[in-house]
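Index from 1, following the sequence.
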Amino acid sequence: MPRPTFDRLAPDKRARFVDAALDEFARHRFAEASVSRIVARLGIAKGSVYQYFDDKVDLFRWLVAEHGRRRAELAGAMPAEGTVWERLAAAYRAGVAEWQGDPRWARIGLRSLEPTDEPRLEALRREHQAAVASFLEALLRQGQAEGQVRDDVDPAVAAHFVQGVLTTGLLSALFARLDTDLEGWVAAPRAITEREAAALRDLADQAVELLRRGLAP
């Protein structure tokens, strides 16, 4: 996580640094991302980065954490009430909103899911997967209590099933709809159009409906 020197940066300098780091890690896999390119773009000494963060891993971990914070804000619009299925659909619609804003943050989220040989990043990926599974399990248990999920479903097992459908499964469908793949998408620096966003929201709704038909009473 950032050192105190990063928090003390003037807002404009901090914003420029975050913008350069975000662009670098969004465009490149972690192994290919370069601190040297970041400092060259900013015109600062390479040692300056290490006054703010311990190393490249520490900087990327902070970007991932910041992405999570931003997603949480977008998901804040998710209804506190409603069915399990309505809440799931709303959460993934928030993700589409992120793609329409600054898509680089969405790319950081996707980059964090990529397997890596870096132990600290692999641990971060596993922690994220476990946290999502735990959230989904709690949501499914609540759904059972409210009669929205079948009683014969094991929420712990179903959570991993739901997670697979709404991550790798949904992403595969999304990229097929956009006629691209992850690397093709991150190479295109534009935000998605409203027409594309509508198509993505429709796919997310379809995925949630398939889950509802399989898991609802």
Side-chain angles (χ1 to χ4, degrees), residues 61 64-101 103 105-116 119-178 181-182 185 192 194-217:
R61 284 173 60 94
V64 173
E66 183 66 7
H67 163 261
R69 184 190 66 77
R70 293 169 64 90
R71 279 297 299 272
E73 287 183 354
L74 287 171
M78 184 175 69
E81 299 179 352
T83 69
V84 168
W85 320 112
E86 290 168 343
R87 295 174 66 190
L88 275 177
Y92 281 85
R93 281 172 172 265
V96 174
E98 182 180 55
W99 285 30
Q100 286 185 281
W105 285 110
R107 293 169 190 162
I108 291 296
L110 293 176
R111 291 294 189 203
S112 70
L113 300 178
E114 295 174 338
T116 173
R120 286 178 291 171
L121 293 185
E122 182 62 19
L124 179 66
R125 186 176 73 88
R126 292 178 180 276
E127 288 170 11
H128 172 77
Q129 288 180 322
V132 172
S134 178
F135 165 78
L136 291 173
E137 179 181 347
L139 190 62
L140 291 170
R141 290 189 185 280
Q142 179 182 343
Q144 284 182 324
E146 296 173 355
Q148 299 161 12
V149 176
R150 294 200 331 246
D151 290 335
D152 60 343
V153 168
D154 182 340
V157 173
H160 292 285
F161 171 72
V162 172
Q163 186 175 12
V165 171
L166 294 179
T167 52
T168 54
L170 183 55
L171 282 173
S172 178
L174 295 181
F175 288 135
R177 177 66 63 90
L178 295 176
D181 56 17
L182 175 59
W185 183 65
I192 61 175
E194 175 53 36
R195 182 176 180 180
E196 290 170 333
L200 301 187
R201 288 192 293 266
D202 178 64
L203 281 174
D205 289 346
Q206 288 187 49
V208 171
E209 176 61 14
L210 286 172
L211 290 169
R212 186 192 68 79
R213 293 187 183 189
L215 297 174

Peer 1: Which pair of non-hydrogen atoms, one from L136 and one from A159, has the smallest distance, and what is that distance?
Peer 2: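 Of all heavy-atom pairs spanning L136 and A159, the closest is CD1-O, 3.7 Å.
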
Peer 1: Distance from R126 atom CZ to L121 atom CG, nearest 0.5 Å?
Peer 2: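 The distance works out to 12.5 Å.
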
Peer 1: Answer yes or no: is there a side-chain heavy-atom contact under 4.5 Å between V84 and R87?
Peer 2: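 Side-chain contact under 4.5 Å: no.
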
Peer 1: If you round to the nearest 0.5 Å, how far is CZ of R212 from CD of Q148?
Peer 2: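 It comes to 10.5 Å.
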
Peer 1: Find out whether V149 and W85 are in side-chain contact, i.e. whether some heavy atom of one side chain is under 4.5 Å from a heavy atom of the other.
Peer 2: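 Side chain of V149 against side chain of W85, heavy atoms only: contact under 4.5 Å found.
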
Peer 1: Q206 versus D202: any side-chain heavy-atom pair under 4.5 Å?
Peer 2: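 A side-chain contact under 4.5 Å exists here.
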
Peer 1: Could you please spell out the steps behind the salt bridge (charged side-chain N to carboxylate O under 4.0 Å, His left out) verdict for E194 and R201?
Peer 2: CA-CA 10 Å; E194 175 53 36; R201 288 192 293 266; 2.6 Å; yes

Peer 1: Could you tell me the separation between the CD atom of E122 and the CD atom of E127, rounded to the nearest 0.5 Å?
Peer 2: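 The distance works out to 10.5 Å.
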
Peer 1: Looking at G109, is its backbone amide N or carbonyl O close enough to the side chain of S112 to form a donor-acceptor pair, meaning the two atoms are under 3.5 Å apart?
Peer 2: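 A pair under 3.5 Å: yes.
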
Peer 1: Give me the atom names and distance for the closest heavy-atom approach of V153 to A158.
Peer 2: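 So the minimum-distance heavy-atom pair works out to CG1-CB, 3.5 Å.
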
Peer 1: For L140 and P155, work out which heavy atoms get closest and say how close.
Peer 2: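 Looks like CD1-O, 3.9 Å.
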
Peer 1: How many angstroms lie between CD in E137 and CG in D154, if you round to the nearest 0.5 Å?
Peer 2: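 Result: 7.5 Å between the selected atoms.
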
Peer 1: Evaluate side-chain contact (heavy atoms from CB on, under 4.5 Å) for L166 paired with L211, printing each intermediate quantity in order.
Peer 2: CA-CA 9 Å; L166 294 179; L211 290 169; 3.9 Å; yes

Peer 1: Between P217 and G147, which heavy-atom pair has the shortest distance, and what is it?
Peer 2: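 So the minimum-distance heavy-atom pair works out to CG-O, 3.4 Å.
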
Peer 1: Any idea which heavy atoms bring A207 and V165 closest together, and the distance?
Peer 2: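 Closest approach of A207 to V165, heavy atoms only: CB-CG1, 4.4 Å.
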
Peer 1: Is any side-chain heavy atom of L139 less than 4.5 Å from a side-chain heavy atom of L88?
Peer 2: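 Yes; the side chains approach each other to less than 4.5 Å.
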
Peer 1: Give the minimum heavy-atom separation between R150 and A216, together with the two atoms involved.
Peer 2: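 Heavy atoms only, the tightest pair is CG-O, 3.2 Å.
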
Peer 1: H67 versus R111: any side-chain heavy-atom pair under 4.5 Å?
Peer 2: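 When only atoms from C-beta onward are counted, R111 and H67 do not touch, as no gap falls below 4.5 Å.
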
Peer 1: Less than 4.5 Å apart, any side-chain heavy atom of L215 and any of V162?
Peer 2: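 When only atoms from C-beta onward are counted, V162 and L215 do touch, with a gap below 4.5 Å.
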
